[in-house]
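Since the structure comes first, as structure tokens, the remarks are kept for the end.
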Amino acid sequence: LDTSNVLSKVEKLLEEVDAAGAAPERENANPQNASAAADHAALLERVASEVNRLQFCAQRGARLPFVQGLRPRIEAADMRLGQLLGRSLERGLAGRDAAGLTRCL
């Protein structure tokens, strides 16, 4: 049951990331963009933490039919996080944003 609750939380967090849109570029000249980019990175970090917890819960109950039924949703959430982190990494490299890269990695 914990696996299902964590999965629901991850899906809601991913919806929140999607609703927030793409992370703005960090620019020293615009502190508002820098703050929004930092908030986006923090949100991705939170999602990553929850996905890690989800993987742990799923591994513990891997033999249970209920958990096996959740596997496609778990894999979709993991894949979505990977895409978001990949884009964040690309933006960090392009903008030479050390703080963003650190949170992304």
Side-chain angles (χ1 to χ4, degrees):
L1 185 58
D2 195 36
T3 305
S4 178
N5 291 337
V6 176
L7 178 57
S8 292
K9 184 175 184 179
V10 166
E11 290 171 336
K12 287 177 186 175
L13 286 169
L14 288 170
E15 287 175 12
E16 189 176 325
V17 171
D18 289 339
E25 300 296 325
R26 266 189 192 251
E27 297 177 7
N28 291 337
N30 190 342
Q32 188 176 16
N33 277 356
S35 176
D39 290 346
H40 188 265
L43 182 57
L44 285 179
E45 191 173 20
R46 181 172 174 213
V47 173
S49 174
E50 290 298 327
V51 167
N52 186 41
R53 182 174 168 221
L54 175 61
Q55 293 292 358
F56 173 77
C57 292
Q59 185 61 35
R60 275 191 4 219
R63 294 184 183 183
L64 298 173
F66 175 73
V67 175
Q68 290 172 355
L70 295 176
R71 182 55 58 189
R73 288 174 54 200
I74 293 169
E75 290 172 0
D78 190 42
M79 184 179 295
R80 181 69 181 132
L81 174 63
Q83 293 169 343
L84 292 167
L85 288 173
R87 281 191 221 135
S88 183
L89 179 64
E90 289 172 1
R91 283 189 193 102
L93 289 171
R96 297 181 184 202
D97 177 14
L101 288 171
T102 301
R103 288 196 101 142
C104 182
L105 297 174

Checklist line | Audit row: Val47, Leu84, side-chain contact (heavy atoms from CB on, under 4.5 Å) steps and yes/no | finding: CA-CA 10 Å; Val47 173; Leu84 292 167; 5.9 Å; no
Considering all heavy atoms, the nearest [X]-[Y] contact:
X	Y	answer
Val10	Ala77	CG1-CB, 3.8 Å
Gln68	Arg63	NE2-O, 3.6 Å
Ala58	Val67	O-CG1, 3.7 Å
Cys57	Asp2	SG-OD2, 3.4 Å
Leu44	Ser88	CD1-CB, 3.9 Å

Exercise for the section: Please determine if Arg80 and Asp18 form a salt bridge, counting it only when a charged side-chain N lies under 4.0 Å from a carboxylate O. Expected result: yes
**Report entry** Side-chain ion pair, Glu50 and Arg53, N-O less than 4.0 Å
**Finding:** yes
When rounded to the nearest 0.5 angstrom, what distance separates [atom1] in [X] from [atom2] in [Y]?
X	Y	atom1	atom2	value
His40	Leu43	NE2	CG	6.5 Å
Glu11	Ile74	CD	CD1	9.0 Å
Arg73	Thr3	CZ	OG1	11.0 Å
Lys12	Leu7	NZ	CG	11.0 Å
Ser49	Leu54	OG	CG	11.0 Å
Glu75	Leu70	CD	CG	11.0 Å

Hey, mind stepping through Glu16 and Leu13 against side-chain contact (heavy atoms from CB on, under 4.5 Å) and telling me if it holds?
CA-CA 5 Å; Glu16 189 176 325; Leu13 286 169; 4.0 Å; yes
I'd like to know whether CD of Gln59 has more than 12 heavy-atom contacts from other residues, nucleotides or ligands below 6.0 angstrom. no
*Test side-chain contact (heavy atoms from CB on, under 4.5 Å) on Val17 and Leu81 and set out the steps.*
CA-CA 10 Å; Val17 171; Leu81 174 63; over 6 Å; no
